[in-house]
Amino acid sequence: MPSNKSVSDAPITQFINCRILRDNELQREDLWVREGRILDPEKLFFDEQGYADKRVDCEGSIIAPGFIDVQINGGYGIDFSQASENVSDGVSFVAKKILEHGVTSFCPTLVTSPPEVYHKVTVSFLSVLPQVKVHDGGPHGAGVLGFHLEGPFISAEKKGAHPEKYLRTFKSGGLEDLMEVYGSLDDVAIVTLAPELPGSQSVVRELSRRGITVSLGHSAADLSQAEEAVQHGATFITHLFNAMLPFHHRDPGIVGLLTSDRIPAGRTVYYGMIADGIHTNPAALRIAHRAHPSGLVLVTDAITAMGLPPGRHTLGQQVIEIQGLHAYVAGTKTLSGSIATMDMCVRHFKQASGCSVQEALEAASLHPAQLLGISHKKGKLDYGSDAGQNVENDFLPFKLPKISVYYPESQRAH
Amino acid sequence: MRLVILDDYDLASEWAAKYIRNRIVQFKPSADRFFTLGLPTGSTPYGCYQKLIEYYRHGDISFKYVKTFNMDEYVGLPRAHPESYHSYMWNNFFKHIDIDPANAHILDGNAQNLEEECQAYEQKIAEAGGIELFVGGIGPDGHIAFNEPGSSLVSRTRVKTLAKDTIVANARFFGNDLSKVPTMALTVGVGTVMDAKEVMILITGAHKAFALYKAIEEGVNHMWTVSAFQQHPRTIFVCDEDATLELRVKTVKYFKGQQPTRKWRHLDKPPLREGNWTNGIGRQNLKEQTHD
């Protein structure tokens, strides 16, 4: 067997004839993987005197790190915010399906809901259904990085599709409100809140202290309120432009964070963009991208109806109607979420912004990994990183290239 | 000695690569009988490695039954450092071919006991049956491997302190920071290379011209250690026009006159060599260069 087994005797796969996304560029290099980790072939050669057991010919395709979707409400008929008996099955089902779009890790998102829903979903996982805790992906489905709790501590003025009756403010002073509503913060990765709500500063600080990403969204905050929240630890903006005050030249609002000079040194403010061509005009997408390219995180904000045929479906406590590529709150023209898939978002982003392939891929992999502080393990094809990765054919503007997702310790996932 | 003069660097690299390829193919290496190859690093052999990789990709050669022994490595430089000779060999050669990692030997500059490492290396060469073909380059000061001026012509693999000239010349690879350049290296000795059955020295570029002159037109001298190969029974110097700039016109004309008028087309088919001692092939009637 190829290796002196000084480190491991697990099989080694070598991807040849490919271009890999590494160090912000597409390099013509082979990718070596063993036991779900990316291997340093030089070390393998000299230390272990090993070589590959299996070679996969990529025929010139691009290998990119698996995409990370930090805002996805459900899909294929599953709604994460619906308090059903078997939430974990629903999450697993969606996890498997989104592999087809190249997503290997995600944050199931819960929209504003009554406390019972949160308790059922977060607390029940602790005691009854351990598999929907934070877990790694594999051929069975994308990994769960933790929940994204979007609301209920958001602005009534900017609620979008969130049901008004479940909106909350910080009454008792921060953490108590959170625990009362959410039940548990153990498997939570991101919380979206409106920073203009009184008492939010201590909440932002507390959540940041616990390693939970705080995101500003569904808010009517002005720039100084947003900056203050960033200083307390907020690092993300939920779907930029949507559900916030529009950019104004004398008070840019949350959008102004992209070029604010009051961000603490060494910190980056990331912002989610739904690049489906509907939620944001391509010109606005370009403005944001050019203003702050390294902070752009592609999200799908996909709802239950993603992957389903046109018609009426349920999201949270409301009913949604699908018309073509649009999803509205039934009976209105308020957008309720998108039905775009991540690979569509990546392609649309590249086409609309004119950015390079590497930038488009990084916006869906590296940047979300950096946002969540996991870029040492995910979002990159560096040695030692987790090896859920995409193999994509070249980006051609009007063709949809094939995406295959590889979890190499077994065979192809999809 | 054979002196093979090609028009430019690319042609010289190609000639050298074809020669290596043909030697390996003729040898018909197998699991019981490996072809042992000594290898250099640096900018000179880079083109030759590129060509060998091309031949491998084309299916003309396999390195499965080839053992390689590199000439040298810096002391104290982390193996993963981009300037280490391990990195050079990996990136420019090993990763592109099918050599078995267990057969690729390079001195370990980070060994606990450098003396033992050198002795073990000599031992490994002996166990492999000696080197069939040692490919090397030449420094501007006429050194072979890191056998700097003054090195014994019968030296073996050992630790060498680098000459000031060499350190300065290498500074460009270390951000022009002299303090970062390694000052010692492990190197095969002149004697070690002399033990090989055949030696091929690659020399390209005008900056090597004076060293080539000293190596082949003057006497054997430990200040120009490549001159030791005047006493080796089977040496080839492969160079480009620029490297001949310090030679006498007479020397150049003499060796060019030995080259066949057709441009090395015979090398494209691995030739059967006259009186080849390694496989005992009988004499063939070929229009072919003879060795002295």
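Quick caveat: nothing in here was measured; it's all calculated off a predicted structure. Just so you know, these numbers use all the heavy atoms, side chains as well, and skip hydrogens, waters and symmetry mates. In what follows, chains are A, B, ... by sequence order, proteins preceding strands, each numbered from 1.
- Gly50(A) approaches Pro101(B) most closely through the heavy-atom pair O-CG, 3.5 Å.
- Atom CD of Glu25(A) has more than 12 heavy atoms from other residues, nucleotides or ligands within 6.0 Å.
- Smallest separation of non-hydrogen atoms from Pro41(A) and Trp90(B): CB-CZ2, 3.3 Å.
- The number of heavy-atom neighbours closer than 6.0 Å to CD of Glu127(B), taken from other residues, nucleotides and ligands shown, is above 12.
- Enclosure of atom OH in Tyr56(B) by more than 12 non-hydrogen atoms of other residues, nucleotides or ligands within 6.0 angstrom is indicated.
- Classification of the Phe46(A)-His86(B) ring pair by plane angle, with boundaries at 30° and 60°, yields perpendicular.
- The CG atom of Leu44(A) lies 13.0 Å from the NZ atom of Lys95(B); values are rounded to the nearest 0.5 Å.
- If you measure heavy-atom distances from Ile106(B) to chain A, the contacts under 4.5 Å come from the side chain alone.
- Using a 4.0 Å cut-off between a side-chain N of Lys or Arg and a carboxylate O of Asp or Glu, Glu42(A) and Arg79(B) do not qualify as a salt bridge.
- Atom NZ of Lys180(B) is surrounded by 12 or fewer heavy atoms from other residues, nucleotides or ligands within 6.0 Å.
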